[in-house]
Amino acid sequence: MMIIMTHVDNILIVAPWGMPTWRRSTYSINGREVKSCTSLLPLLLSMKEYIDAGKVDIVIIVLDSLIDRYEGSVDRESECFKCYYELQDYIDKANESDLYKDLVSALESFTKEFFKCLLRKYNLDLKINDLNVIVAPAIGSPGGKWTFKGELREFSSLLLHKIAKMGLSKPYHKIIVDLTHGINFMPSLVTNLLHKFASIILLAHKDLDKIVIEVYNSDPVVPTRDEIKRPININKAFHEEIKTIQLIHAIPYFIRVSELIKDNMYKRDLSMKIKNLENRIKSVLFGHIKYVYSSLYYPLPLALYYLMCGQDLYDLGQVIENEYMNYIYINKKDLTIERPYTIEPDALYVYYISKAVHNRLNLTKCVPPDLDYLESVFTQIYSRVNIAYEALIGHEISQLKQLGKKIKEDKDIINRLLNRWESYDKIRLLLERKDVKSEEEKEKSRKMPDKRILIAHVGLSYDLVELSLNDQHKLVLRYILEPKKILEGSKLIVEIEK
């Protein structure tokens with residue numbers, strides 16, 4: 001049966017790998033048996049129609065501890081071992097690297113060539129768009145030679161950064177994870193990040209109403225170096241449909257300086273450089289991004305619009321690309337790799353959630369929004385945060401639309417509002433033929449609405465919003481005060497984690 005595909009039918013396959021010297025095996029998936037030393041190839045063959053249509057992207061995650069040449073017991077007839085052995089020059093190049101970025105580049109090349117080698121050995125014609133390799137940080141001494149000093153959270157941060165960038169540019173409707181070859185902490189941390197990956201992608205693309213997550217793992221096998229004779233099942237561990245995004249409840253500091261250098265007098269200059277970087281990022285994360293994230297966390301569509309329009313977001317992702325790699329130190333004498341600071345994954349996640357909304361809205365100009373725009377664009381965005389928010393926003397916009405109908409029936413009000421601004425409260429009272437307070441009285445009685453009221457009215461409170469009619473006689477909105485002041489005054493700011 002032919003599968004009809006759309007522009008959003010893209011699949012992202014994520015596969016964490018340990019040392020790729022796996023034995024000859026026969027894997028079974030969906031009733032089909034495939035001879036392969038890795039579960040990834042049978043998994044790819046099970047979705048060949050999508051691959052042939054160019055709908056599948058692959059991310060293979062390896063650790064930088066791959067730099068340790070494997071010398072243990074192995075199945076020497078395995079295609080995986082043969083490819084590993086044939087590509088030792090890349091491992092040697094990684095060991096010779098003086099800079100961490102060169103080490104990463106060598107291991108990326110090794111993994112890409114290893115995958116191509118397997119396709120050749122098994123004579124498979126799989127038209128992969130582009131094989132994405134993430135060389136993630138290890139900890140401890142998993143290979144027994146090199147030692148890796150740093151925090152485990154850096155693994156999550158790097159994955160989040162790399163996959164978020166992919167998800168911002170392409171609408172993946174499904175994320176498939178194969179945990180078969182993941183080692184140690186890799187399977188648990190990758191699984192823990194899946195909802196965050198899905199949240200960023202779901203928020204960035206208006207044509208997605210859900211993202212499917214499927215996690216696979218194969219049968220356990222006895223650890224021997226011989227070929228495994230019986231078929232190994234590739235099992236679906238779980239299936240989940242993500243329709244709402246995950247939001248964290250406090251924003252942590254972006255950078256944590258490692259204890260390795262904090263009190264080390266010989267590394268004081270490095271510590272100062274990292275501190276300066278931390279202060280620069282803090283002003284961005286706890287500045288503009290904090291307000292954007294807060295206006296999404298609470299249902300404040302008009303605030304989110306004005307915080308986004310005509311604004312660029314500082315690219316915190318470039319900190320990893322340009323800064324993080326440069327500070328990682330290779331000590332060849334002691335065979336250690338030291339990472340002097342940790343990027344907090346939750347802080348990075350706050351940035352990428354804000355970036356997802358920014359990309360989706362793409363507001364290069366700041367034109368006061370009309371009700372149809374707010375309803376069509378922002379109810380959909382906030383329904384991804386909480387389905388109840390969609391109803392709240394829909395109700396408040398419906399109230400404003402009713403007001404708009406009354407305005408069109410009153411020529412005096414039309415004249416007052418045509419390309420001029422008046423408070424929502426004043427127009428409402430004029431239409432109801434009630435007394436309107438003078439500006440002096442309003443100033444004396446004006447106070448910031450409390451948190452509960454502002455949330456209940458999704459930020460569209462009578463005394464905070466101004467109305468106008470544009471040239472097309474459409475009702476448009478803006479705030480009387482700066483959105484940041486409203487969020488601060490009403491205490492609708494997501495707290496900073498100490």
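Everything numeric in this text was worked out from a predicted model, so none of it was measured. Residue indices begin at 1 and follow the sequence shown.
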Short N-O contact, [X] and [Y], less than 4.0 angstrom:
X	Y	value
Arg153	Glu344	yes
Glu488	Lys485	no
Lys406	Asp410	no

Does [X] reach the main-chain N or O of [Y] with its side chain, forming a donor-acceptor pair under 3.5 Å?
X	Y	answer
Ser199	Gln246	yes
Thr364	Gly310	no
Asp315	Gly317	yes
Ser294	Val494	yes
Thr379	Gly394	no
Ser169	Met166	yes
His358	Met308	no
Ser490	Leu492	no

Exercise. Do Arg384 and Leu296 pass the side-chain contact (heavy atoms from CB on, under 4.5 Å) test, and can you show the C-alpha distance, the side-chain angles, and the key distance before you say yes or no?
Worked result: CA-CA 10 Å; Arg384 303 290 180 262; Leu296 185 68; over 6 Å; no

Contact summary for [X] and [Y], nearest pair of heavy atoms:
X	Y	answer
Val135	Leu63	CG1-C, 4.3 Å
Gly150	Ile139	O-CG2, 4.2 Å
Tyr298	Tyr382	O-CE2, 3.6 Å
Ala136	Phe155	CB-CD1, 3.4 Å
Pro345	Leu160	O-CD2, 3.2 Å
Pro369	Tyr305	CD-CE2, 3.5 Å

Problem set entry | By side chain to side chain donor-acceptor pair (under 3.5 Å) - contacts of Asp125 (at least two apart) |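 Partners of Asp125 under the side chain to side chain donor-acceptor pair (under 3.5 Å) test: Lys127.
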
For this session: Tell me, please, which residues at least two apart from Gln311 pass side chain to side chain donor-acceptor pair (under 3.5 Å).
Result: none

Gap between atom [atom2] of [Y] and atom [atom1] of [X] - 0.5 Å precision:
X	Y	atom1	atom2	value
Lys210	Glu241	NZ	CD	3.5 Å
Asp57	Ile51	CG	CD1	10.5 Å
Leu159	Ile61	CG	CD1	4.0 Å
Glu422	Ile427	CD	CD1	5.0 Å
Ser157	Asp346	OG	CG	8.5 Å
Leu454	Arg452	CG	CZ	11.0 Å

Exercise. Which residues pass the salt bridge (charged side-chain N to carboxylate O under 4.0 Å, His left out) test with Asp372, sequence neighbours left out?
Worked result: Lys401

Close side-chain approach of [X] and [Y], heavy atoms under 4.5 Å:
X	Y	answer
Ile486	Leu300	no
Phe115	Leu41	yes
Lys484	Leu307	yes
Ile248	Ile353	no
Val215	Lys236	no
Met47	Ile176	yes
Leu107	Val133	no

Tell me yes or no: between the side chains of [X] and [Y], is some donor less than 3.5 Å from an acceptor?
X	Y	answer
Asp425	Ser423	no
Tyr50	Asn10	no
Tyr352	His161	yes

For this session: Given side-chain contact (heavy atoms from CB on, under 4.5 Å), test Ile289 with Val284 step by step and report yes or no.
Result: CA-CA 6 Å; Ile289 290 174; Val284 177; 3.8 Å; yes

Problem set entry | Tyr253 and Phe286: CA distance, side-chain angles, deciding distance, ring-ring contact (aromatic ring centres under 6.0 Å, His included) verdict | CA-CA 9 Å; Tyr253 281 81; Phe286 298 148; 5.2 Å; yes

What side-chain donor-acceptor pairs closer than 3.5 Å can you find for residues 470-482, not counting sequence neighbours?
residue, atom, partner, partner atom, Å
Asn470, OD1, Gln472, N, 3.0
Asn470, OD1, His473, N, 3.2
Asn470, OD1, Lys474, N, 2.9
Asp471, OD1, Asn419, ND2, 3.0
Arg478, NE, Glu466, OE1, 2.7
Arg478, NH2, Glu466, OE1, 3.0
Tyr479, OH, Gly459, O, 2.8

For this session: Could you walk me through whether Lys174 and Ile211 pass the side-chain contact (heavy atoms from CB on, under 4.5 Å) test, one step at a time?
Result: CA-CA 5 Å; Lys174 184 183 283 189; Ile211 293 178; 6.0 Å; no

For this session: Output, in order, the C-alpha distance, side-chain angles, deciding distance and verdict of side-chain contact (heavy atoms from CB on, under 4.5 Å) for His205 and Tyr172.
Result: CA-CA 9 Å; His205 302 284; Tyr172 296 104; over 6 Å; no

Problem set entry | Full working for ring-ring contact (aromatic ring centres under 6.0 Å, His included) between Tyr324 and Tyr341 | CA-CA 8 Å; Tyr324 177 70; Tyr341 67 85; 5.8 Å; yes

Problem set entry | Crowding at NZ, Lys451 (>12 non-hydrogen neighbours, <6.0 Å) | yes

For this session: Check the surroundings of atom NZ in Lys206: do more than 12 heavy atoms from other residues, nucleotides or ligands lie under 6.0 Å from it?
Result: no

Exercise. What residue pairs, at least two apart or across chains, pass disulfide (SG to SG under 2.5 Å) with a residue in residues 399-431?
Worked result: none

Donor-acceptor list for residues 183-197 side chains, cut-off 3.5 Å, not counting sequence neighbours:
residue, atom, partner, partner atom, Å
Ser188, OG, Phe185, O, 3.1
Thr191, OG1, Pro187, O, 2.7
His195, NE2, Thr244, O, 3.2

